[in-house]
Structure formats: structure tokens, C-alpha cells
Amino acid sequence: MKIPVMEVFGPTIQGEGMVIGQKTMFVRTAGCDYSCSWCDSSFTWDGSGKSFSRQPEEIIEELKEIGGQRFSHVTISGGNPLLHKGIGEFIGLCHQEGWKVAVETQATIWQDWLLEVDDITLSPKPPSSGMVTDFGKLDGFMGKLENANASLKIVIFDETDFDYAGQLHLRYPKTPFFLQVGNDDITTIDDARLASRLIERYAWLIDLSTESSIMNDVKVLPQLHALVWGNKRGV
Ligand SMILES: C[S@@+](CC[C@H](N)C(=O)[O-])C[C@H]1O[C@@H](n2cnc3c(N)ncnc32)[C@H](O)[C@@H]1O
Ligand SMILES: Nc1nc2[nH]cc(C(=O)O)c2c(=O)[nH]1
Ligand code: SF4
Ligand SMILES: [Mg+2]
């Protein structure tokens, strides 16, 4: 079953969340059921980017062409990869190659193949995104992942987002919980200025977290790739 692919790149490092720093390839799929106001990958869904429909075997070949022997971990992001049923077959092929597989999703659409994923990052969206979380649906989603290696990663832009994250952490206390600095300048090409802005925002988020009695067992992270490469695509 074909999968619409936007870009394949790497090896690079995972810049976010539960396996931050992990050397990995990326497969970015097209299409999203959300339209977050601050989406740093809006080219996957706003019509400004071009995707190609690929069979799972063709994506495996492309990964080998680009990454050679220099990787053993593949991260599937998007857009929302959970829109695509064909990814199940792709994950099976990655495992046959001996590669681990990670997925990034906002946790709005279920596919049974999610249970085959080695590192699952769930990123429900805070109020600043303009999206509204269906908590009932999310409960069902989290329930099915009880025995999986899943984490929650919430992007924070303001104190309302931080309160939303607190609610989520209280609702799912057993799920490893990550707070991530929001990038509020996703178009600048001034990398030095962006890095200093993001470090400032990181300090602000650390302060909020250390002062909170809800956020005790949490990890507070920047987007490492944004600090290293700014808003550059394909890294
Ligand atoms: C582009 S999304 C694709 C996967 C999926 N649609 C999702 O949102 O989880 C990948 C990750 O980037 C995060 N992200 C998107 N825009 C961001 C921004 N401006 N600042 C910080 N993180 C951002 C998302 O919250 C998500 O965790
Ligand atoms: N290096 C790097 N790490 C990432 N972590 C999540 C990404 C994404 O866009 O999903 C991403 C990305 O695009 N690049
Ligand atoms: S859910 Fe992810 S890809 Fe979709 S609009 Fe939001 S940040 Fe972008
Ligand atoms: Mg990104």
C-alpha cells in the first residue's frame, strides 16, 4: 500500500523528545488532520510542498541510497503519519533490516501498526496551536498504548500551554513526560539570533517547570536541531 512521502533525510540526530540525540534517518509523510498555527512543517499540508507516492519497499531503497550503512534507526514524522495505513508494512520491512523505528504524532488517529513502533512520541497540541484536544479520544489512545514504549511531548509557548501540559501530566502520570520549547520564529534565517532567542525561551520554560509542584517528574528540552541548524529543512 502506497505512502505519500514528502522527504527522506539523514542520518542526523533526533532533536526532540524521548530519544533526543539518537542518530536516525527521517521519513516525513504528507498530510495532516491538524493545522497548528505555529507548525514548523506546514509544507506537509498547506499545498506548498510536493509529495511522492511510494511503496514501502521503495522507501527502504531510498533510505539505503541516502544513508548507506550509516544508520540503524528510522523516525517517521509528518504531517501526521497515522493517516497512512501502509506504514505498517514499512515498519515490518525496517525491522527485517534490523532498524528500530520511531514515530511522531499528535495522537488523533489510531492505526494498529502503532503497537509495532519502538519509540512512540505523542504530542497533543496546547491552546496556542489553535487546535482542541478531544480528551475522550486521547484516553482511548493512551489506553491502547499502556504496554508500549510511548511518551508525551508538549510544545509550550505561554503559561496557558504550560497549564494544559500540567493537566495532561496529571491525567497520564505513568507516561514519560517531556516539555519542549516552542519556536515562535519559524521563518528567520538568522541562526545566531534564533538560537539565542530559543535559549532564552528554554530558560523561561525551565523556570516555570522548577517552580511547579505538578512538573516534578518531567524532562524539559529544547529542539536541539533548531539550536544547531536553525530553521533549515532536511536536518
Ligand atoms: C511537525 S510535527 C509532525 C508530527 C505530528 N504532526 C505532531 O505534531 O506530533 C513534529 C513535532 O514538531 C513539533 N513542532 C511543530 N512546530 C513547532 C514549533 N514551532 N516549535 C516547537 N515544536 C514544534 C510538534 O509539536 C511535534 O512534536
Ligand atoms: N533533527 C530533527 N529532529 C526532529 N525531531 C522531530 C522532527 C520533526 O520534524 O518531526 C525533527 C526534525 O525535522 N529534525
Ligand atoms: S499536528 Fe504536527 S504536522 Fe500537523 S499541523 Fe500540528 S505540528 Fe504541524
Ligand atoms: Mg521538525
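Just so you know, ligand 1 is whichever comes first in the structure, and atom 1 is the first atom listed for that ligand. The basis for the numbers below is simple: all heavy atoms, side chains too, and nothing from hydrogens, waters or symmetry mates. The first residue in the sequence is number 1, and the count goes up from there.
Using a distance-only test at 3.5 Å, with no hydrogens or angles considered, a donor-acceptor pair links the side chain of Ser212 to the main chain of Met215. A donor-acceptor distance shorter than 3.5 angstrom exists from the side chain of Arg201 to the backbone of Phe157, with no hydrogens or angles considered. In this structure, the side chain of Lys85 does not engage the main chain of Leu83 through any donor-acceptor pair within 3.5 Å. Side-chain atoms of Tyr34 do not come within 3.5 Å of backbone N or O of Ser129 as any donor-acceptor pair. No donor-acceptor pair under 3.5 Å is formed between the side chain of Thr133 and the backbone N or O of Phe135. With hydrogens and angles disregarded, a donor-acceptor distance shorter than 3.5 Å links the side chain of Ser37 to the backbone of Ser128. Judged by distance alone, with hydrogens and angles left aside, the side-chain atoms of Asn80 form no donor-acceptor pair with the main-chain N or O of Asp33 at under 3.5 Å.
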For ligand 2, run through the N/O pairs with the protein that fall under 3.5 Å and put one pair on each line.
| unit_1 | atom_1 | unit_2 | atom_2 | d |
| --- | --- | --- | --- | --- |
| ligand 2 | 1 (N) | Ile13 | O | 2.7 |
| ligand 2 | 1 (N) | Val235 | O | 3.3 |
| ligand 2 | 3 (N) | Gln14 | OE1 | 3.4 |
| ligand 2 | 3 (N) | Gly15 | N | 3.0 |
| ligand 2 | 5 (N) | Gln14 | OE1 | 2.5 |
| ligand 2 | 9 (O) | Arg28 | NH1 | 3.0 |
| ligand 2 | 9 (O) | Arg28 | NH2 | 3.0 |
| ligand 2 | 10 (O) | Ser77 | OG | 2.6 |
| ligand 2 | 13 (O) | Arg28 | NH2 | 2.9 |
| ligand 2 | 14 (N) | Val235 | O | 2.7 |

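Within the 4.0 Å heavy-atom criterion, neither part of Met131 lies near ligand 3.
Contact of the Thr108 side chain with the Leu82 side chain is not registered, since no non-hydrogen atoms from C-beta on lie closer than 4.5 Å.
Around atom 4 (Fe) of ligand 3, the protein atoms of type N, O or S that sit closer than 2.8 Å are Cys32 SG.
Surrounding CD1 of Ile189 are at most 12 heavy atoms belonging to other residues, nucleotides or ligands under 6.0 Å away.
Taking a cut-off of under 4.0 Å to the non-hydrogen atoms of Lys125, the atoms of ligand 3 that pass are 1 (S), 6 (Fe), 7 (S).
Relative orientation of the Phe71 and Trp99 rings is tilted, given thresholds of 30° and 60° on the angle between their planes.
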